[in-house]
Amino acid sequence: MTRVLVTAILLLPAFGSITASAADDATAELHPRVQLETTLGNIVLELDAEKAPLTVVNFVDYVNAKFYDGTLFHRVIPDGLIQGGARTADMRKKTDGLRDAVKSESGNGLTNVRGSIAMVRRLGYPDSAVAEFFINVGDTNTGLDKPLPDGAAYAVFGRVVEGLNVVDKISAVTTGPHRDFAAGLSKVVPVEPIVITSVKLQSPFDRRKALAVSEAAERKIREEAEKAKLAAEKTYRDRLAAIEKRAGAKLTSTESGLKYVDSEVGHGAPPIITETVVVHYRASLIDGTEFENTYSLDEPFEQEVGKFLTGIQEGLLGMREGGTRIMVIPPELGFGRREVPGKIPPNATTIFEIELLEVK
């Protein structure tokens with residue numbers, strides 16, 4: 001049996017065909033078209049402000065400010081992606097005209113499939129996309145739809161509707177290292193610069209409507225979060241009430257945040273931190289989902305008190321042989337932000353019912 005108690009240290013539907021029709025008239029102003037004129041041909045994008053309103057507003061604002069004019073597709077991965085909008089013709093980072101980063105809208109139902117356009121952002125910082133973007137050349141980048149450890153993926157906000165052959169042409173150019181990119185260690189910079197000569201809005205865009213879409217989505221998220229919070233609080237109260245009813249006594253709260261109640265009081269002296277104890281236990285989440293049970297295997301667990309989770313250490317130090325104690329352990333005294341896949345989610349309150357069989 002895999003022990004979780006032992007030590008204290010232990011997206012969605014794609015775009016469909018790239019030749020799909022534009023949005024109907026009712027939502028056309030939330031699906032503006034933008035043309036990128038490049039030295040290898042033109043690319044037309046259809047943006048989706050219904051799914052990624054803030055990202056589209058951000059991109060269109062840069063377009064209207066002519067920020068992208070004269071920048072490069074400076075990073076090319078054959079059959080992977082073409083990346084641009086951040087460097088000038090001499091491969092220097094463009095800083096003049098940069099605005100604040102935009103909130104991540106990854107997980108919006110749009111995926112990193114062939115022909116899609118997404119924002120570049122910094123690892124570890126979900127809300128760090130500024131102006132730089134990339135266009136997916138093939139269908140090999142769907143892994144970019146999976147959230148990174150920082151909780152967000154790469155936000156897709158549109159697709160190529162004309163000029164996919166130009167995207168392929170750019171993807172096929174000869175590349176090599178460049179002293180001003182990745183310290184000259186990455187051979188992904190086009191040998192002949194591919195310049196984005198001009199970027200223009202081709203169809204109307206209702207910026208105000210897009211911001212309203214974003215606000216409505218944020219409001220819905222807040223409402224759902226509040227409902228979830230209230231439901232979790234009720235589940236917590238109900239579980240604690242059930243524990244007290246079963247034990248026939250009130251839970252004791254300690255300064256650390258541990259709560260406990262004895263359903264059976266033992267005998268003898270309590271253990272000290274360096275002593276080894278033999279215990280049986282049942283472990284569950286606050287909603288009652290059991291994730292470990294030594295009784296089911298008729299196999300008690302033996303370990304030094306000081307090697308248990310912090311909350312269990314505290315609870316054990318007040319127990320006596322033959323006693324049974326139910327401990328409500330908050331995340332900071334248990335597993336914290338760590339996840340035990342298939343058993344314990346991050347930031348989980350856990351319940352341990354522990355029977356102290358022997359102090360060695």
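Bear in mind that the values here come from a model prediction, so they are computed numbers and not experimental data.
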Participant: Taking C-beta and beyond as the side chain, do K259 and M327 meet within less than 4.5 Å on heavy atoms?
Facilitator: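 Side chain of K259 against side chain of M327, heavy atoms only: no contact under 4.5 Å found.
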Participant: In sequence, state the C-alpha distance, the side-chain angles, and the governing distance for T142 and R114, and then conclude on side chain to side chain donor-acceptor pair (under 3.5 Å).
Facilitator: CA-CA 9 Å; T142 52; R114 175 171 167 78; over 6 Å; no
Participant: Of all heavy-atom pairs between P78 and S171, which one has the smallest distance, and what is that distance?
Facilitator: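 Answer, listing the atom of P78 first, then S171: CA-OG, 3.4 Å.
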Participant: Can you get from M119 to V130 by hopping between Ile, Leu, Val, Met, Phe, Trp and Tyr side chains that sit under 4.5 Å apart?
Facilitator: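 M119 and V130: one cluster.
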Participant: I'd like to know if the side chain of Q303 pairs up with that of T276 as donor and acceptor (distance under 3.5 Å, no hydrogens or angles considered).
Facilitator: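 The answer is no; no qualifying pair exists.
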Participant: Do you reckon L357 sits in the same ILVMFWY cluster as L316, going by side-chain contacts under 4.5 Å, direct or chained?
Facilitator: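 No, no single cluster joins them.
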Participant: Are the side chains of E321 and H267 in touch, meaning some heavy atoms are under 4.5 Å apart?
Facilitator: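 In short, these two side chains touch, coming nearer than 4.5 Å.
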Participant: Check the orientation of Y281 and F352. Use parallel for under 30°, tilted for 30 to 60°, and perpendicular for over 60°.
Facilitator: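 Rings of Y281 and F352: tilted, as their planes differ by 30° to 60°.
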Participant: Do R222 and E215 sit within salt-bridge range, that is, some charged N less than 4.0 Å from a carboxylate O?
Facilitator: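 Here R222 pairs with E215 in a salt bridge, since their nearest N and O are under 4.0 Å apart.
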Participant: Would you confirm whether Q313, through its side chain, and F308, through its main-chain N or O, come within 3.5 Å as a donor-acceptor pair?
Facilitator: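 Judged by distance alone, yes, a pair lies under 3.5 Å.
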Participant: Would you say that more than 12 heavy atoms from the other residues, nucleotides or ligands in this model lie under 6.0 Å from the OH of Y125, or not?
Facilitator: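 Atom OH in Y125 is not crowded, with 12 or fewer foreign heavy atoms closer than 6.0 Å.
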Participant: Measure the spacing between NZ of K103 and OG of S128 and express it to the nearest 0.5 Å.
Facilitator: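 Between K103 NZ and S128 OG, I get 12.5 Å after rounding to 0.5 Å.
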Participant: Give a yes or no on this: more than 12 heavy atoms of other residues, nucleotides or ligands lie within 6.0 Å of atom CG of D90.
Facilitator: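 Atom CG in D90 is crowded, with more than 12 foreign heavy atoms closer than 6.0 Å.
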Participant: Any heavy-atom pair between the side chains of I82 and V167 that's under 4.5 Å?
Facilitator: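 Side-chain contact under 4.5 Å: yes.
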Participant: Out of curiosity, R75 CZ to Q83 CD, how far, rounded to the nearest 0.5 Å?
Facilitator: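 One gets 4.5 Å once the value is rounded to the nearest 0.5 Å.
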Participant: I'd like to know if the side chain of T235 reaches the main chain of A231, judged simply by a donor and an acceptor atom lying under 3.5 Å from each other, with no hydrogens or angles considered.
Facilitator: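 Checking the backbone N and O of A231 against the side chain of T235, a donor-acceptor pair under 3.5 Å is found.
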Participant: If you group Ile, Leu, Val, Met, Phe, Trp and Tyr by side-chain heavy-atom gaps below 4.5 Å, do V305 and L333 land in one group?
Facilitator: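 Shared cluster, yes.
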Participant: When N112 is tested against each of D145, T140, D139 for side-chain hydrogen bond (donor to acceptor under 3.5 Å, both in side chains), which residue passes?
Facilitator: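 Single pass found, and it is D145.
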Participant: Please determine whether side-chain contact (heavy atoms from CB on, under 4.5 Å) holds for the pair V120 and Y154, giving the CA-CA distance in whole Å, both sets of side-chain angles, and the decisive distance to 0.1 Å.
Facilitator: CA-CA 7 Å; V120 175; Y154 287 84; 5.6 Å; no
Participant: Assess the residue pair K360 and E302 against the criterion (salt bridge (charged side-chain N to carboxylate O under 4.0 Å, His left out)); give the C-alpha distance rounded to whole Å, side-chain angles, the decisive distance to 0.1 Å, and a yes or no.
Facilitator: CA-CA 10 Å; K360 289 192 171 183; E302 181 176 324; 3.1 Å; yes
Participant: Report yes if the side chains of V328 and I243 come closer than 4.5 Å at any heavy-atom pair, otherwise no.
Facilitator: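 SC-SC contact between V328 and I243 confirmed.
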Participant: Do I326 and F335 land in one hydrophobic cluster if side-chain heavy atoms of ILVMFWY residues count as linked below 4.5 Å?
Facilitator: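 Hydrophobic grouping puts I326 apart from F335.
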Participant: I'd like to know whether E50 forms a side chain to side chain donor-acceptor pair (under 3.5 Å) with H31, so could you lay out the CA-CA distance, the side-chain angles of the two residues, the decisive distance to 0.1 Å, and finally the verdict.
Facilitator: CA-CA 8 Å; E50 288 188 281; H31 294 259; 2.6 Å; yes
Participant: Among F157, F67, Y68, Y62, which residue meets the ring pair (Phe, Tyr, Trp, His ring centres under 6.0 Å) test with F133?
Facilitator: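 Only one option passes, and that is Y68.
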Participant: Between N42 and L36, does the side-chain contact (heavy atoms from CB on, under 4.5 Å) criterion hold? Intermediate values first, please.
Facilitator: CA-CA 6 Å; N42 296 342; L36 281 67; over 6 Å; no
Participant: Just by modelled atom types, is the L144 backbone N or O under 3.5 Å from a matching donor or acceptor in the N141 side chain?
Facilitator: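 No, because the side chain of N141 does not come within donor-acceptor range (under 3.5 Å) of the backbone of L144.
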Participant: Examine distances only and state if a side-chain atom of R239 and a backbone atom of L285 form a donor-acceptor pair shorter than 3.5 Å.
Facilitator: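 Present.
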Participant: Do V160 and L45 make a side-chain contact, defined as non-hydrogen atoms from C-beta onward lying under 4.5 Å apart?
Facilitator: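 A side-chain contact under 4.5 Å exists here.
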Participant: Is R159 close to I117 at the side-chain level, that is, under 4.5 Å between some pair of heavy atoms?
Facilitator: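 Answer no - side chains too far apart.
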Participant: D262 side chain to V265 main-chain N or O, any donor-acceptor pair under 3.5 Å?
Facilitator: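 Side chain of D262 to backbone of V265: no pair is present.
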Participant: In sequence, state the C-alpha distance, the side-chain angles, and the governing distance for N293 and E290, and then conclude on side chain to side chain donor-acceptor pair (under 3.5 Å).
Facilitator: CA-CA 8 Å; N293 186 341; E290 188 174 280; 3.2 Å; yes
Participant: As a quick check of understanding, evaluate side-chain contact (heavy atoms from CB on, under 4.5 Å) for N136 and V113, giving each step before the final call.
Facilitator: CA-CA 6 Å; N136 290 290; V113 294; over 6 Å; no
Participant: Please answer whether the main-chain N or O of T294 pairs with a side-chain N or O of R282 as donor and acceptor at a distance below 3.5 Å.
Facilitator: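 No, R282 side chain to T294 backbone: no donor-acceptor pair under 3.5 Å.
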Participant: Is the H74-F181 ring centre distance short of 6.0 angstrom?
Facilitator: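 Here the rings of F181 and H74 have centres that are less than 6.0 Å from each other.
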Participant: What is the minimum heavy-atom distance between P271 and L356, and which atoms define it?
Facilitator: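 Looking at all heavy atoms of both residues, the closest pair is CD-CD2, 4.2 Å.
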Participant: Is it true that F73 and V63 fall in one hydrophobic cluster, defined by side-chain heavy atoms closer than 4.5 Å?
Facilitator: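 In one cluster with F73: V63, yes.
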Participant: Do any side-chain atoms of residues 182-204 form donor-acceptor pairs under 3.5 angstrom with protein atoms, and if so which ones, sequence neighbours left out?
Facilitator:
| from | atom 1 | to | atom 2 | distance (Å) |
| --- | --- | --- | --- | --- |
| T197 | OG1 | E37 | O | 3.0 |
| Q202 | NE2 | Q35 | OE1 | 3.2 |
| S203 | OG | R33 | N | 2.7 |

Participant: Between E353 and R246 (salt bridge meaning N to carboxylate O under 4.0 Å), is one present in this structure?
Facilitator: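 Salt bridge flag = yes for R246 with E353.
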Participant: Of the non-hydrogen atoms in L317 and I272, which two are nearest, and what is the gap between them?
Facilitator: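 What the structure gives for the nearest pair is CD2-C, 3.8 Å.
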Participant: Would a 4.5 Å heavy-atom cut-off, applied to side chains only, mark L240 and I286 as touching?
Facilitator: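 The answer is yes, as the side chains (C-beta and beyond) meet within the 4.5 Å cut-off.
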Participant: Taking all heavy atoms of R207 and all of D61, pick out the closest pair and write down the distance.
Facilitator: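 Heavy atoms only, the tightest pair is NH2-OD2, 2.7 Å.
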Participant: Looking at every non-hydrogen atom in both residues, tell me the closest pair between V359 and E275 and how far apart they are.
Facilitator: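 So the minimum-distance heavy-atom pair works out to CG1-OE1, 3.4 Å.
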Participant: If you apply the rule side-chain contact (heavy atoms from CB on, under 4.5 Å), what do you find for L309 with I329, and how did you get there?
Facilitator: CA-CA 9 Å; L309 295 171; I329 301 176; 5.5 Å; no
Participant: Less than 4.0 angstrom from a charged side-chain N to a carboxylate O is my criterion; do R122 and D150 meet it?
Facilitator: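 Looking at R122 and D150, the cut-off is not met.
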Participant: Between M319 and G323, what is the shortest heavy-atom contact and its length?
Facilitator: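 Taking M319 first and G323 second, the nearest heavy atoms are CE-O, 3.4 Å.
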Participant: Can you confirm whether more than 12 heavy atoms, excluding those of D69, are under 6.0 Å from its CG atom?
Facilitator: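 More than 12 within 6.0 Å, yes.
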Participant: With sequence neighbours excluded, what pairs up with K250 under the salt bridge (charged side-chain N to carboxylate O under 4.0 Å, His left out) test?
Facilitator: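 For K250 the salt bridge (charged side-chain N to carboxylate O under 4.0 Å, His left out) partners, ignoring immediate neighbours, are E244.
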Participant: Does R99 use its side chain to pair, donor to acceptor, with the backbone of N58 at less than 3.5 Å?
Facilitator: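 It does hold such a pair.
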Participant: So that I can tick it off, tell me whether K245 and D238 are bridged by a salt bridge, with the cut-off set at under 4.0 angstrom between side-chain N and carboxylate O.
Facilitator: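 No salt bridge links D238 with K245.
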Participant: For N108 and E105, indicate whether the former's side chain and the latter's backbone hold a donor-acceptor pair under 3.5 Å.
Facilitator: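 Yes; judged by distance alone, with no hydrogens or angles, the pair exists.
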Participant: Would you confirm whether S106, through its side chain, and A153, through its main-chain N or O, come within 3.5 Å as a donor-acceptor pair?
Facilitator: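 Between the backbone of A153 and the side chain of S106 there is a qualifying donor-acceptor contact (under 3.5 Å).
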Participant: Hey, are K94 and T88 close enough side-chain-wise for a donor-acceptor pair under 3.5 Å?
Facilitator: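 There is no such pair between these side chains.
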Participant: Within the 4.5 Å heavy-atom criterion, are V102 and D127 side-chain neighbours or not?
Facilitator: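 With C-beta onward as the side chain, the pair stays apart.
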Participant: Does the pair D180/R92 count as a salt bridge with the N-to-O cut at 4.0 Å?
Facilitator: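 Judged by the 4.0 Å cut-off on N to carboxylate O distance, D180 and R92 do form a salt bridge.
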Participant: Would you sort out whether E314 and T254 count as a side chain to side chain donor-acceptor pair (under 3.5 Å), showing the intermediate values?
Facilitator: CA-CA 9 Å; E314 183 180 353; T254 71; 3.0 Å; yes
